[in-house]
Structures are given as C-alpha cells and as structure tokens.
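Counting convention: from 1, in listed order, for ligands and their atoms alike. Positions are given from 1, in the same order as the sequence printed here. This one's a predicted model, so the numbers in the text were calculated from it and none came from an experiment.
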Amino acid sequence: FTPPYPPYDPTDKKGFSYTTVVSRWPKILTDILNAVLAIDHAATMQIQTLQDGCEEAKALKAKVEEGQGVIGKISKLKEDMGTNKPLLEIPNDGEAMTNVYNEELEKLRTENKDKWFTAPWLFAECYLYRLIRSWFKQTAHWQSFDPFFDKKESTFKSSGAAIYQLAKIMHDLDAEKTELFADSDKSLVIFREMIQMCLWGNATDLSLLTHMSHEDIANLQSVGKDAQAARKEYILKDDQEAVWQHLKTLKDTNAKIDFVLDNAGFELFTDFVFADFLVTYTPYASRVVFHPKLIPWFVSDVTPTDFASTIPDLLSDTFFPPPGSTIHPPEGAVTPPARLEEHSYLRQMVTRWQKYLAEGVFSLSVPESTPLGASDVKADFWTSPYPYWDLKEKGHVVFEELKESGLVIFKGDLNYRKLTGDVAWPVSTPFETAIGPVAGAFPILSLRTNKADVVVGVSQEVADALDAKGEKWRVNGKYALVSFCPKSV
Ligand code: F6P
Ligand code: MG
C-alpha cells in the first residue's frame with residue numbers, strides 16, 4: 001500500500017520529529033548510558049571487596065568492560081545523530097528483524113534518506129530501539145538487561161493513589177453487576193468511564209514525560225467521573241458509542257478481545273481494569289489476549305518480564321503500601337490509620353486477575369517467562385518497522401489470529417502512528433482511509449493520546465481553531481482520539 005502523502009521526517013523543522021532528533025533521543029540515550037554506568041560503578045565497588053582473580057571478580061570485570069563498550073557506542077551514536085551521519089547497518093546479532101531493518105535502510109540509502117535528519121521518523125525511531133538491543137545482545141553479561149526496567153518500575157510505584165482509586169471504583173461496580181450485565185442505561189455510562197480511564201492511562205508514557213514530576217503524573221492519572229468529564233473536550237474524535245454498539249453484537253458469542261499493548265506500569269494496569277470490566281461486568285467478552293514487545297521498546301512498552309511482574313507488584317504491601325499507611329513512622333508519631341478496606345479492594349481485584357490468568361481468561365500472547373530478544377513468529381511483527389497496513393503481508397500469522405478477534409484494541413501513540421503509517425494525512429481524512437488495507441480485516445479500536453504529528457478523523461475547523469490558539473495539540477499529550485473501524489462483512 002502506498003499512501004498519497006509523505007512520511008513525517010525531521011526535514012520539517014517545525015515537526016515533532018525534528019524536536020525528537022535534536023533533543024528527545026539524545027536525552028533517552030543519556031538515560032541508557034547512565035543506567036549502564038550505575039551498574040558498572042556498583043560492580044567496580046563490588047570487585048574491590050572480592051579476592052583478586054576469583055571467578056566472581058573475573059566475571060564482574062568482564063561485565064564492566066562490556067558495559068564500557070556499550071557506553072562508548074551510545075556516546076558515538078549521540079555524536080552521529082547530532083552531526084547527521086548515516087544510520088549504520090544493524091549487526092547480525094541472531095535476533096529477529098535484522099534483515100528487515102537493513103534492507104529498508106538500503107532502500108533509504110538509494111533515495112539519500114538514510115541520515116538522522118532525513119530518515120522517516122517512524123522508521124528511524126523503531127531502528128533506534130532495535131540497534132540499541134543489538135548492542136546488549138552482543139555481550140555475554142548484558143543480554144537480559146532492560147535499560148528502562150528500573151524507570152518503569154519506579155514510575156509504577158508512584159501511581160499508588162490512582163491505583164487505589166480505580167480498585168475502589170471496580171469494587172463499587174460489584175453492587176451493580178446484575179444491572180450492568182442486563183445492559184441497563186447505566187451500562188453505557190460505566191463503559192464510557194472505563195474506556196476513558198484506559199485511554200488516559202496512555203498519557204503517562206515515559207518516553208515523552210521524562211521531565212515530569214511525580215505530582216504532574218498523579219494529576220494526569222486522576223480518575224473518576226469529575227476528572228473524566230473535565231477531559232471530555234480533549235477527546236477530538238470520539239467513537240465510544242460506536243464501539244459500545246459493536247460490543248453489543250458480541251453478546252454470548254464467547255468473543256475474544258485483543259490488546260496490542262503499549263506501556264508498562266500504570267497504563268498496563270488500566271488495560272487490565274478495562275479487560276476485567278469487559279469480561280466480568282458485561283456479557284460481551286469471554287477472553288482477553290495481551291500482545292507485548294519482546295525487546296525494550298520506546299522506553300516504557302510492556303515486555304513479558306514487565307507483564308509478569310505487574311501482578312506481584314500490585315499484591316506487594318511494600319510496592320503499594322495501603323493508602324494512608326506509613327511504613328516507617330518516626331518514633332512517637334501519631335499516624336492516621338491505614339485505609340485497609342481500599343487495600344482489600346485492590347487485593348480482591350488483582351486476585352481475580354490472577355485467577356483469570358491461571359484459567360486462560362486473560363493471557364499473554366507468549367509465555368510470561370519469554371526472555372528478552374527471544375523470537376516469536378507473531379510478536380516479532382510489533383517490533384518491526386512496518387506500518388500496520390502491511391500486517392497481512394508481513395505479519396501473516398498474527399494477522400490470521402486477529403481476524404478471529406471480537407475487537408483489537410491498539411493502545412497508545414506509536415500504535416496509532418503505525419496504523420496510519422505516520423504519513424502527513426490531511427487531518428480530516430477518515431480513520432478507515434488512513435489505515436489503508438487493514439481497515440475492515442477485524443474490528444479495530446485505537447485509544448491514543450496525541451504525542452506525534454499525525455492526526456486523522458478530526459474536522460479541519462477543529463484543527464484550525466486549536467492551531468489558532470497556539471496549542472501544541474498534536475503532540476503535547478493533552479488531547480486524545482478514540483477511533484473505531486468495524487470489520488467489513
Ligand atoms: O513522540 C512521542 C513519542 O515518544 C513517540 O516517539 C512515540 O510515538 C510515542 O511518544 C510513544 O508513546 P506511546 O507510549 O503512547 O506509544
Ligand atoms: Mg509506549
């Protein structure tokens with residue numbers, strides 16, 4: 001499929017792609033460098049406590065040296081980026097997609113678009129994460145290292161307030177379960193609340209919000225009716241009602257819902273909540289499959305390891321202390337009582353998810369124990385550079401599987417860029433036109449907060465009015481799109 005518009009790239013200095021190459025990628029690379037440096041430093045300290053020449057010391061020394069090698073590559077890449085050097089071939093590291101990236105790169109070379117400031121943004125950004133993976137893969141001691149893992153975990157840890165609030169909302173739904181199941185007037189209202197919670201869960205990805213304080217993040221995560229209502233005007237395309245009507249057609253069909261996941265931590269938590277709502281409180285879905293990434297991807301995307309650690313994190317009293325509790329109160333201090341009922345609501349809900357996972361009601365598309373960099377005929381597609389209009393051709397196996405789905409939910413910004421090919425569609429282009437030949441293959445729902453230039457399905461007048469206000473509405477993460485495309489009969 002060849003779209004009639006060019007891809008976004010950094011030759012447009014006003015575009016977000018340019019800002020990305022100039023400042024966002026260098027910052028992400030510096031963060032990776034620092035993560036490696038910190039481990040190298042700790043290992044060096046540890047070596048000093050060990051007997052000279054013992055096996056453990058030797059292994060640690062080798063690890064430190066390999067770490068230094070990776071640090072050198074990162075520094076060199078930052079320099080290359082800043083001076084507009086060509087993207088280099090991905091070394092043959094035995095992992096998936098090397099040839100796919102290199103062949104595409106070769107094509108770009110012939111078009112003289114293979115440099116950091118000329119390559120299409122979507123390709124270059126996917127390439128960047130695959131290249132970084134190859135550096136760790138080619139070591140002996142860093143193959144299973146995810147440079148973003150600590151950051152994903154620590155941000156998740158600071159989401160406690162919103163997590164307890166959502167657990168309470170879900171608990172309150174129990175009282176209305178029969179009514180909800182019978183599709184009362186209330187069902188659509190609650191559905192809207194749930195889908196929006198899952199939508200705004202995407203506002204806090206780490207690749208964009210590295211500069212945000214924990215307080216800023218808590219504000220973005222605020223849930224509940226009032227917060228949703230306040231954000232309603234920020235949903236620029238709103239197909240919620242159409243999705244609901246579609247879900248109703250799935251009644252009693254044992255439908256499976258697929259989530260093509262985006263970010264770990266709080267966003268994944270909201271995906272679980274939405275999945276739980278569909279399975280537990282409606283008669284429209286009986287099974288949910290979650291699709292992760294198999295390499296560290298766009299900083300915060302879910303890997304099988306992230307997925308596997310989510311439930312234990314949520315059940316850990318130290319990871320999410322009961323609201324109101326003080327773990328180490330200063331001596332003699334009078335501390336408010338912990339709100340233990342909220343804590344028990346979270347436990348109840350997460351224990352249900354655990355049961356769903358054990359029974360196969362919820363499942364990850366690959367085993368949870370899948371190590372970083374393992375290859376999987378289906379999952380590999382999600383870390384390719386391909387737009388999703390190539391799904392049938394280039395991701396045939398996963399395409400066939402998704403054809404059986406009752407609804408495929410694509411979470412987040414990058415999935416939206418891949419659905420629309422990240423090309424400069426006029427803003428009023430219908431969503432089903434912009435996603436090309438994948439339209440109609442299966443029911444598609446995209447839940448995306450806007451963090452990149454491409455936007456479709458919005459009227460030109462609305463776009464002009466936002467531009468006139470000087471709002472960076474395409475990229476600042478404050479606006480969102482709920483886009484639905486049904487399966488064609
Ligand atoms: O441009 C912002 C950005 O980092 C893009 O690189 C990428 O498309 C996106 O955000 C990642 O966001 P999300 O996690 O929502 O896909
Ligand atoms: Mg992401």
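Closest N/O/S atom of Asp301 to the Mg ion (ligand 2): OD1.
The environment of NZ in Lys237 is crowded: more than 12 heavy-atom neighbours from other residues, nucleotides or ligands sit within 6.0 Å. At most 12 non-hydrogen atoms from other residues, nucleotides or ligands lie less than 6.0 angstrom from NZ of Lys392.
Not one N/O/S atom of Ser300, from backbone or side chain, sits under 2.8 Å from the Mg ion (ligand 2). At a cut-off of 2.8 Å, Asp262 coordinates the Mg ion (ligand 2) through an N, O or S atom.
A cation-pi arrangement is found for Lys157 relative to Phe319, the charged atom lying closer than 6.0 Å to the ring centre and inside a 45° cone about the ring normal.
Under 4.0 Å from ligand 1, the heavy atoms of Asp262 that appear belong solely to its side chain. Looking at Arg417 against ligand 1, only its side chain comes within 4.0 Å, counting heavy atoms. Contacts between Arg448 and ligand 1, counted as non-hydrogen atom pairs separated by less than 4.0 Å, are absent for every part of the residue.
Considering backbone and side-chain N/O of Leu414, one or more are found under 3.5 Å from N/O of ligand 1. Considering both main-chain and side-chain atoms, Lys451 comes within under 3.5 Å of ligand 1 through a nitrogen or oxygen pair.
With hydrogens and angles left out, the side-chain atoms of Thr429 and Tyr5 include no donor and acceptor closer than 3.5 Å. No hydrogens or angles considered: a donor-acceptor pair under 3.5 Å links the side chains of Glu471 and Tyr479.
A salt bridge (charged side-chain N to carboxylate O under 4.0 Å, His left out) check over residues 422-432, counting only residues at least two apart or in different chains, returns the pairs Arg417-Asp422.
Distances below 4.0 Å separate heavy atoms of Trp121 from the following atoms of ligand 1: 1 (O). Taking every non-hydrogen atom of Phe16 and a distance limit under 4.0 Å, the qualifying atoms of ligand 1 come out as 1 (O), 2 (C).
Residue-ligand proximity: Glu267 is placed with every non-hydrogen atom at 4.0 Å or more from ligand 1.
The backbone N or O of Gly406 lies less than 3.5 Å from a partner atom in the side chain of His246, making a donor-acceptor pair.
To the nearest 0.5 Å, atom CD1 of residue Ile74 and atom CD1 of residue Ile28 are 12.0 Å apart.
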